[in-house]
Amino acid sequence: MSAQPIYLDYAATTPVDARVAALMAECLTAGDAFGNPSSAHPFGAAAAARVEHARAQVAVLLGADPAEIVFTSGATESNNLAVLGCARAAADRGRHVVSSRTEHKSVLDPCRQLGREGFSVTYLTPARDGRIGAAALAAALRRDTVLVSLMYANNETGVLEDVGALAAVCRERGVPLHSDCAQAAGKVALDVHALQLDFASLTAHKLYGPKGVGALYVRHGARALLQPLNFGGGQERALRPGTLPTHQIAGLGLACELAGAALAEESARLTALRERLWRGLAVLPGVHLNGAPAARVPGILNVSFEGVEGESLVAGLAGLALSTGAACSSDSPDPSYVLRALGRDTQLAQASLRLSLGRFTTAAEVDRALASVTAEVSRLRALSPAGAAAGGGWGDGPGTRLVSGEGGGPGRDTWVRFELLTSGDTVKEARFRVFGCPHTTDVVAWLCGQLRGRQRNALLPGAPAAWAAARAVPVEKLGRLLVVEDALRACLLHWA
Ligand SMILES: *Cc1c(COP(=O)(O)O)cnc(C)c1O
């Protein structure tokens, strides 16, 4: 395994294209483009020309007119501006908004804020394939609905929504539609006019541009539907005032142009790599493709594994830089809300991997990733109490007896079994099977070492709190050690 992990997290962010970085540098230093684009002198005019060139490049990628592009700091800001800006501007006419449970947090959190401001929000639940569909949307619209916000491509599953059909429903009912297109722009053909979107968000760093810049498409005539979040110098039609960051915007523009030029070829190449990965994983039993059979963006593959604990799976894949539904890697204590909304149970949502491929992903990397995931899933399944039956290999010799005990169980977040080879009142050997987080596994393995030579009347080597201290187990995982203790106590019960 090479020192640097294989990068399979292009849906989280992408490296900046070298041509984009060079252009950005050109705009930063003393030269012809460092001026304030708002200034009336030639320095300002040169910077403004760069900005307007970039505006046209972004517009081409989206199928929009340049005048419909508002530069922002990224998709989070674009989503906030569209959701809060549109709802607040319409508050006198109605206070109902429709979105979905699988949106990015940068749509869900503004929606929650609207709730605090007296709006009611309907969060649609997608079908098992991850899509909402026009019928569900039509049923959710009310006379007081002032905004619908539904994403084009989901960032976890890659599922593509039929936004054209959603837009048709919205148009018929006279409700504006915003779509978070951060994962779609530059990945799939996008034509906001043909799709009849009112607002669309994108961000540069998902398409080989810099972090910290993005855009909101605002349909001609839809400017009046928006209230700004910030107030200042009137830039960007007063929707997003502030001195325009020429280098960021120029970088976004070129990144859009390059993504558009490479789109057909890249999408075919990445689709083939993604299918290669899936075909390899599908050989394993108990593997689920999340978002199937919906159409998905080329570069994202999201899979769940039965019989494997998510945190342990990720811990065993240190050679791969990827994202997971396991709670350990995110800010939230719950496994992926997106996969839960698709009807996956907690275990499958936990034991999920999002492998996202991009420009520098090779077939050799895909094959190495495939081999790592296959080996790790097999290893964890073999270690699980659900695996082979107890007793193998040790045999009950004369004078020895096999004693086992379990804690937790199938369907729980922890399942532990100790197997003790005893002679009279003494533990001769101890071994274990475990389904659990890496901390649980570590403590169980360590305890097996402690158990050897112990007497029945003093079997438990201290209490869970002491084990936690000895093995540096974080406090939120303490409950799992109680399950470990249960397994030891069950051994005692059977030994009696
Ligand atoms: C990355 C992403 C965002 C946030 O974009 P930033 O530019 O990082 O703020 C929003 N929505 C989706 C779907 C994304 O993938």
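We count ligands from 1, going down the list as the structure has it; atoms in each ligand are counted the same way. Hydrogens, waters and symmetry mates are skipped; everything else that's a heavy atom, side chains included, is used. Keep in mind that this is a model prediction, so the values were computed, not measured.
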Looking only at distances, can you tell me whether any N or O atom of [X], backbone or side chain, sits closer than 3.5 Å to an N or O atom of ligand 1?
X	answer
His205	yes
Glu77	no
Ser73	no
Met151	no

Quiz prompt | Sequence-distant partners of Ala294, side-chain contact (heavy atoms from CB on, under 4.5 Å), two or more places apart | solution = Asp129, Arg131, Val159

Quiz prompt | Rounded distance (nearest 0.5 Å) linking atom CG of Asp162 with atom CD1 of Ile132 | solution = 12.0 Å

Nearest to [atom], what protein heavy atom do you find, and at what distance?
atom	answer
atom 1 (C) of ligand 1	Lys206 NZ, 1.3 Å
atom 9 (O) of ligand 1	Thr76 OG1, 2.5 Å
atom 7 (O) of ligand 1	Thr203 OG1, 2.6 Å
atom 5 (O) of ligand 1	Ala75 CB, 3.2 Å

Quiz item: Tyr152 ring centre to Lys187 NZ or CZ under 6.0 Å, with the angle to the axis within 45°?
Solution: no

Quiz item: Heavy-atom contact under 4.0 Å between Ser106 and ligand 1?
Solution: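 Flag set, Ser106 near ligand 1.
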
Exercise. Answer yes or no: is there an ion pair linking Glu365 with Arg368, defined by an N-O contact shorter than 4.0 Å?
Key: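 Looking at Glu365 and Arg368, the cut-off is not met.
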
Quiz item: So does Glu26 pair up with Arg50, basic N to acidic O under 4.0 Å?
Solution: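 Looking at Arg50 together with Glu26, the answer is yes, because their closest N to O distance falls below 4.0 Å.
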
Exercise. Give a yes or no on whether the backbone of Asn302 and the side-chain of Glu156 come within a donor-acceptor separation of less than 3.5 Å.
Key: no

Quiz item: Can you list the atoms of ligand 1 that are under 4.0 Å from a heavy atom of Gly74?
Solution: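 Counting from 1, the qualifying ligand atoms are 7 (O).
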
Exercise. Provide the number and element of each atom of ligand 1 under 4.0 Å from a heavy atom of Asp180.
Key: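 Listed by number with element: 10 (C), 11 (N), 12 (C), 13 (C).
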
Exercise. Assess the side chains of His104 and Asn79: does a donor N or O sit below 3.5 Å from an acceptor N or O?
Key: no

Self-check item: ligand 1 contact on Ala182 by region, counting heavy-atom pairs under 4.0 Å
Solution: side chain

Considering only distance and modelled atom types, tabulate donor-acceptor pairs under 3.5 Å from the side chains of residues 205-217, sequence neighbours left out.
from   : atom 1 : to     : atom 2 : distance (Å)
His205 : ND1    : Thr13  : OG1    : 2.7
Tyr208 : OH     : Arg359 : N      : 2.7
Lys211 : NZ     : Thr13  : OG1    : 3.1

